[in-house]
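As a basis for the values below, the full set of heavy atoms in this structure was taken, side chains included, without hydrogen atoms, waters or symmetry mates.
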Amino acid sequence: MPQKSSHKRYLLNVSGGDIAHRFTDVVVLGSGAAGLRAAIESALGGLNVIVVSKQAPEETNTYYAQGGVAAVLSKNDSVDEHIRDTLKAGCELCNKEAVRTIVSEGPECIRELTEWGAAFDMDGDDLAFTREGGHRRARIIHAHGDATGNEIMDALLKKARSFDNILWFENTFAIDLLTEAETCRGVLISDGSELSAVWAKQVIMTTGGCGRLYRETTNPEIATGDGLSMAWRAGATLANMEMVQFHPTTLYVAGATRALISEAVRGEGGTLTIKDGHAFMKEYDPAGDLAPRDIVSRAILKEIKRTGETNVYLDLSAIDADKLKKRFPNIRKLCAGFDIDITCDPIPVRPSAHYMIGGIKTDLDGRTSVRNLLVAGEVASTGFHGANRLGANS
């Protein structure tokens, strides 16, 4: 049973300035899906947990995820088929053990989220499935049309906040890991007014990617690679840092912040075209608009270079207007803000940095080369994604 929090705090004077020293069992850096799930599991084990988030816990890549989550939940699907699609998208560079483990455990994770309150879209009495690029089966579930991440975060936050033994440090910046003899002992943090050393038996890093290092990105402002830097300075091994996935379709309006246009739009029948309406993806891959993300991104860039334009277009006119409004309410609202009616107007799009494939090298239990430092989520490099993440393999 969860224990009531007994976090300890002391105040010491170091070099003329006060620094708070806090002691806990587990400190989790990051509050996306990986961080919250790690905090929940630790709390379920009766451990005292501190969760540190750079902004409010809701401000994460998870919260903004649109398309959905891939899991083998349909009677027409199988674990082996999902594995094959993952390996193909990853250019056969995946860790096959990691792929089989994660794909096999996916359905149970979805059932767990449902038990904790996540409500995924239904088609009658069954889950509603869609496809994204690289998937040969419709195995992606979604929530509120195109607000899947929002729904998952709401469920995880509600569950995490039900524990008395989880302490929240919001709007707090993690400065560096505290190490001794190749062992992580805690983390140095600041909320802007107080510097604190949080000493913990276990540090779990779930700080996400580094999309904001790029001019064109789908990521929120917090995704600046801090966790990667801290782990490197602490002596952790990084792997495959050159492998950064670009999402093929982000809204491209001059002067506006880039915004993701979910791959699920193409899964429902959207088509990529150049300015004159010519659909070009079949010229690059037999799967056309549903080819893996790296192939689609490269194809778009080649068309941009060939035509001299700044973008291509996503044509949704083949999709029933009422279905579009119901399936993609947030994308419709986003585009309407730029006088784009997605039921009849093509959406200007181009690729943007989206997901860090490489990261801190871990084994299948999240262990790193630094003792007492565990890593999970996008910041980790488990080998699951190979050279390219299959869409919705989250």
Original post:
Can you tell if the side chain of I83 reaches within under 4.5 Å of the side chain of L87, non-hydrogen atoms only?
Top reply: yes
**OP:** Please say whether more than 12 non-hydrogen atoms of neighbouring residues, nucleotides or ligands are located less than 6.0 Å from CD in E309.
**Re:** yes
Subject >> For S104 against V79, the heavy-atom pair lying closest together >> reply: OG-CG1, 3.7 Å
Subject >> V27 and V52, any side-chain heavy atoms less than 4.5 Å apart >> reply: yes
**OP:** Please determine, by modelled atom types, if T224 and D226 share a side-chain donor-acceptor pair under 3.5 angstrom.
**Re:** yes
**OP:** Give the intermediate values and the outcome of side chain to side chain contact (heavy atoms under 4.5 Å, CB included) for residues I110 and V69.
**Re:** CA-CA 9 Å; I110 296 301; V69 182; 3.9 Å; yes
Original post:
Rounded to the nearest 0.5 Å, what separation is found between the CZ atom of F384 and the CG atom of L364?
Top reply: 11.0 Å
**OP:** Tell me whether the guanidinium CZ or amine NZ of R111 lies under 6.0 angstrom from the six-membered ring centre of W116 and within 45° of its axis.
**Re:** no
Original post:
So, are R266 and E132 salt-bridged, with charged N and O less than 4.0 Å apart?
Top reply: no
**OP:** Return yes if a side-chain donor-acceptor contact under 3.5 Å exists between N95 and T382, otherwise no.
**Re:** no
Original post:
Without hydrogens or angle criteria, can the side chains of E283 and H278 be said to hold a donor-acceptor pair below 3.5 Å?
Top reply: yes
Original post:
Is the centre of the H142 ring less than 6.0 Å from the centre of the F129 ring?
Top reply: no
**OP:** Show your working on salt bridge (Lys or Arg N to Asp or Glu O under 4.0 Å) between R136 and E81 and close with a plain yes or no.
**Re:** CA-CA 8 Å; R136 283 174 284 187; E81 286 183 290; over 6 Å; no
Original post:
Is there a donor-acceptor contact under 3.5 Å linking the side chains of Q202 and N372?
Top reply: no
**OP:** List the steps, then state whether side-chain hydrogen bond (donor to acceptor under 3.5 Å, both in side chains) holds for N171 with Q55.
**Re:** CA-CA 4 Å; N171 299 302; Q55 294 185 10; over 6 Å; no
Under 3.5 Å, side-chain donor or acceptor atoms of residues 325-335 against the rest of the protein: list the pairs with distances, not counting sequence neighbours.
{"unit_1": "R327", "atom_1": "NE", "unit_2": "E268", "atom_2": "OE2", "d": "3.1"}
{"unit_1": "R327", "atom_1": "NH1", "unit_2": "G145", "atom_2": "O", "d": "2.4"}
{"unit_1": "N330", "atom_1": "ND2", "unit_2": "D146", "atom_2": "OD1", "d": "2.9"}

Original post:
Is the closest basic N to carboxylate O distance between E112 and R37 below 4.0 Å?
Top reply: yes
**OP:** Ignoring hydrogens and angles, state whether a donor on the side chain of H247 or T218 is under 3.5 Å from an acceptor on the partner side chain.
**Re:** no
Original post:
Is there a path of hydrophobic side-chain contacts, each under 4.5 Å between heavy atoms of I, L, V, M, F, W or Y residues, that connects V379 with I102?
Top reply: no
Original post:
Side chains of Y252 and E216: do they bring a donor and an acceptor to under 3.5 Å?
Top reply: no
Original post:
Is K158 salt-bridged to D154, going by a charged N under 4.0 Å from an acidic O?
Top reply: no
Original post:
Between V28 and I50, does a side chain to side chain contact (heavy atoms under 4.5 Å, CB included) hold up when you go through it step by step?
Top reply: CA-CA 6 Å; V28 178; I50 288 177; over 6 Å; no
Original post:
Would the F246 and Y214 ring centres measure less than 6.0 Å apart?
Top reply: yes
Subject >> Cationic N near anionic O, under 4.0 Å, R298 to D285 >> reply: no
**OP:** Check each of E41, M153, R161 against L36 using the side chain to side chain contact (heavy atoms under 4.5 Å, CB included) test, and report the only one that passes.
**Re:** M153
